[in-house]
Amino acid sequence: MMPSPRQLPEEAPLDMPIQRLDGNPPGSIEVQTRPHGLVIKRLLLIALTAVLGLAASSELRFTFSRDGLDPFEIALLLFFVPLFTWIAFGFVNSAIGFLKLISGEHPGFTAIPSPASALRHRTAVLMPVYNESVEATFGRVRAMARSIHEAGGGEWIDFFVLSDSNAFQGKREEAAWREVAAEAKINVYYRRREENIARKPGNIAEWVGRFGAAYENMLVLDADSLMSGDAIVGMAAIMEEKPSIGLLQTVPMIINARTLFQRWMQFASEAYGPIASAGLLWWSGSEANFWGHNAIVRTRAFAESCGLPELPGKAPFGGHILSHDMVESALLRRRGWAVHMVMIGGSYEEFPPTVVDHAIRDRRWMQGNLQHLRLLGASGLHWVSRLHLLIGASAYLTSPGWFLLLVIAIVQAASAGAAGFIDAAPPGLLWLTALLLFGPKLMGLVWVLVDAGRRRAFGGVSGVLKSAALEVPLAMLLAPVTMVTQTKAMLGLLLGVPSGWTTQVREARRIRVRDVILDLREHIGLGALFAGVAFVDPVTALWLSPLTLGLLASPWLVSLTSSEQLGVRALESGCFRVPDCEIEVPAGEAPPREGAIALGQRLELGSAGS
């Protein structure tokens, strides 16, 4: 009879003090992995963005001011300039990443030594869970434990499932854990908190306080994360070789795509995402960001740097910090630890199965990211860390910005004797805006098509072109739906309604039109308003037509993209194919997706010296 698996190791407490965000910043260590030329890179990024933004705003202001600026034109300028600059920043970032990848050059990468032989200290893999599917969760745990052993990391790496689930779910989790732990060839532990204080950050902090001193590193996952043993062992090896690194963040690709929405997002992530990620890596350097999962963190650095205080005031903008990850990376960098991003194969995550589930998660992210506006003045933060916080918050401010810009343009068009925004704006400016919006997609497609192996992995030339021909119209239809959804969520937060913390839906299900049509009444009403613009300004209505169509069709867009059957049909027709996954999950527990792209055969890191 086999002995019962041990539920937890011996405790090794590590103090994790709450950090002050004011006063003198703490002392720091010397960062030894700062890439060369970062100042020039960042100046180039800012300069190119500024040139595009100033050129567009100057052209528009010159056109408007020929007969004097009226209140409508002043308001349009106030909204258009920052919004245009925002999309210019995204375009420049992607263009830089495209140039790096298309030339065959990784943006500042350096190869690492043989990973298994480099390990000298223990690493804990942490998977926090909250009322998740037990079968799917422990299917991933079993797969990762096996993969870690096969990669040679079993002697140095332990796996912890950290549960915040309710008592009933906890009993099912414990039974599944006993089965997995009994057969695993590495240590797999399970712990459930009776009270899920402070959500995921509190879960991780409790583990650090009880067991952190026994582990040099902790690799943090989400419940839907999957990483190969080679990736986990390789990241631990980087931490051994480069002791001034506090955090390494991977760029996970989407796994387990079933619905049409998931397959669409999976293709977009793998075709367009790498160039944006390469651009981000290029200018972030040792001041990269943390996305809260699929990342390895030096445990003592995290403990001494990342004890999160509560923000003054009530939710939604006070209390516990929801988007804790970006703040934690800023606090690590404040104390002097380097924070890097790596682009590797073997790092995956799931994506919400429907537009509705994505919107629910997005609202929670919005609340957390808007809290970051209160942290921009925290003492001692690196200016790039402040930029990351601002970018994260700005991503949710753009939807209300575009909405107000459109409303002002429509009111202007409806005013007697006033030329509409579309009529007055230079045609070249409108086409430039379209180029900046769709340019990253075009560059992503070129990057996919120029390499024969990558091209085959995406279904060949015809498969790539068919995928793009379906993805681009879908993206155009979804954009106004997202704009209105985020604007509604913003209004709710401003009225004091927090997002809450509920279990994320990961199972595919078909949403019927009648189930969502009432929830989308604002979308449909705004679409009708846009359609009515044709009676006062046909030119403006023509430019608004993609938005009008997306809003009026929003219930059908939500319903159709939630279909697993349509997802299968798209795949069978050659659409939304992606490269193969690198890690197998036992059948019936967490079916693997069709693929995840690897940007190199070895794990690599953007760095200078060691």
Side-chain angles (χ1 to χ4, degrees), residues 83-84 86-91 93-95 97-98 253-254 257 259-277 351-359 361-362 365 395-396 398-399 401-403 406 430-449 458-459 463-487 511 520 523 526-527 530 543-563 566-567 569-571 573-578:
L83 290 170
F84 185 91
W86 169 258
I87 62 172
F89 179 86
F91 176 85
N93 177 83
S94 292
F98 171 74
M253 293 300 179
I254 296 173
T259 66
L260 180 61
F261 180 65
Q262 288 174 315
R263 294 189 187 278
W264 161 22
M265 292 295 112
Q266 185 181 45
F267 171 81
S269 170
E270 300 215 21
Y272 314 139
I275 63 169
S277 297
F351 199 82
T354 70
V355 175
V356 172
D357 299 311
H358 180 261
R361 186 182 74 171
D362 201 50
W365 286 359
Y396 291 100
T398 55
S399 283
W402 284 113
F403 175 78
L406 292 171
L430 298 176
W431 288 113
L432 176 61
T433 303
L435 174 64
L436 297 187
L437 286 171
F438 291 100
K441 292 181 183 290
L442 179 61
M443 289 184 285
L445 294 176
V446 171
W447 173 75
V448 168
L449 290 171
F458 279 88
V464 173
L465 295 181
K466 283 193 290 186
S467 298
L470 180 58
E471 192 280 330
V472 171
L474 285 174
M476 293 175 67
L477 292 174
L478 182 62
V481 178
T482 302
M483 176 189 70
V484 177
T485 300
Q486 290 186 343
T487 301
I511 297 176
L520 295 169
H523 300 69
L526 186 63
F530 286 178
W543 277 87
L544 290 175
S545 58
L547 308 183
T548 304
L549 182 59
L551 293 171
L552 292 177
S554 56
W556 291 270
L557 179 67
V558 170
S559 177
L560 291 173
T561 58
S562 72
S563 169
L566 289 179
R569 286 184 183 177
L571 200 64
S573 68
C575 290
F576 300 154
R577 291 192 177 276
V578 292

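If you're wondering where the values come from, they're calculated on a predicted model, not measured in any experiment.
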S.K.: Would you indicate whether the side-chain heavy atoms of Leu406 and Met483 approach each other to under 4.5 Å?
M.R.: yes
S.K.: To the nearest 0.5 Å, how far apart are CD1 in Ile87 and CG in Leu436?
M.R.: 5.0 Å
S.K.: Distance from Leu560 atom CG to Leu474 atom CG, nearest 0.5 Å?
M.R.: 9.5 Å
S.K.: If we ignore hydrogens and angles and just use 3.5 Å, is the side chain of Ser467 paired with the main-chain N or O of Phe576 as donor and acceptor?
M.R.: yes
S.K.: If we check ring pair (Phe, Tyr, Trp, His ring centres under 6.0 Å) with His358, which of these qualifies: Trp365, Phe351, Trp264?
M.R.: Phe351
S.K.: Are any side-chain N or O atoms of Thr259 and backbone N or O atoms of Pro353, one a donor and one an acceptor, separated by less than 3.5 Å?
M.R.: yes
S.K.: Say you draw a straight line from CG of Leu430 to CG of Leu435; how long is it, rounded to the nearest 0.5 Å?
M.R.: 12.5 Å
S.K.: Do Thr398 side-chain atoms and Ala395 backbone N/O form a donor-acceptor pair below 3.5 Å?
M.R.: yes
S.K.: Hey, is the main chain of Thr487 close enough, under 3.5 Å, to the side chain of Ser399 for a donor-acceptor pair?
M.R.: no
S.K.: Distance from Leu432 atom CG to Leu437 atom CG, nearest 0.5 Å?
M.R.: 9.5 Å
S.K.: What is the minimum heavy-atom distance between His523 and Ser554, and which atoms define it?
M.R.: CB-OG, 3.8 Å
S.K.: Below 3.5 Å, can you tabulate the donor-acceptor pairs from side chains in residues 543-551 to any protein atom, sequence neighbours excluded?
M.R.:
unit_1 : atom_1 : unit_2 : atom_2 : d
Ser545 : OG     : Leu542 : O      : 2.6
Thr548 : OG1    : Leu544 : O      : 3.1

S.K.: Which atom names give the shortest non-hydrogen contact between Met476 and Phe438, and what distance separates them?
M.R.: CG-CZ, 3.8 Å
S.K.: Give a yes or no on whether the backbone of Ala570 and the side-chain of Arg263 come within a donor-acceptor separation of less than 3.5 Å.
M.R.: no
S.K.: Does Ile511 offer a backbone N or O that forms a donor-acceptor pair with the side chain of Ser562 under 3.5 Å?
M.R.: yes
S.K.: Judged by atom type as modelled, is there a donor-acceptor pair below 3.5 Å linking the side chain of Asn93 to the main-chain atoms of Ala276?
M.R.: yes
S.K.: Identify the heavy atoms of Ser269 and Met253 that sit nearest to each other, and give their distance.
M.R.: OG-SD, 3.5 Å
S.K.: Return the minimal non-hydrogen interatomic distance between Pro352 and Gln262, and the atom names on each side.
M.R.: O-CG, 3.4 Å
S.K.: Is the backbone of Leu566 close enough, under 3.5 Å, to the side chain of Ser563 for a donor and an acceptor to pair up by distance?
M.R.: yes
S.K.: Quick one: do Phe98 and Val446 satisfy side chain to side chain contact (heavy atoms under 4.5 Å, CB included)? Show the steps, please.
M.R.: CA-CA 9 Å; Phe98 171 74; Val446 171; 3.9 Å; yes
S.K.: Between Gln486 and Tyr396 (side chain of the first, backbone of the second, donor and acceptor by atom type, cut-off under 3.5 Å), is there such a pair?
M.R.: no
S.K.: Might you point out which heavy atoms bring Ile275 and Gly444 nearest each other, and give the distance in Å?
M.R.: CD1-N, 3.7 Å
S.K.: Distance from Thr485 atom OG1 to Leu478 atom CG, nearest 0.5 Å?
M.R.: 8.0 Å
S.K.: Between Ile254 and Phe267, is there a side-chain heavy-atom distance shorter than 4.5 Å?
M.R.: no
S.K.: Which pairs count as salt bridge (Lys or Arg N to Asp or Glu O under 4.0 Å) when at least one residue sits in residues 469-483, sequence neighbours excluded?
M.R.: Lys441-Glu471
S.K.: Is there a side-chain contact between Tyr272 and Leu445 in this structure, where contact means two heavy atoms from C-beta onward sitting under 4.5 Å apart?
M.R.: yes
S.K.: Apply side chain to side chain contact (heavy atoms under 4.5 Å, CB included) to residues Thr354 and Val558 and explain how you reach the verdict.
M.R.: CA-CA 7 Å; Thr354 70; Val558 170; 5.7 Å; no
S.K.: Roughly how far apart are Thr433 OG1 and Leu83 CG, rounded to 0.5 Å?
M.R.: 10.0 Å
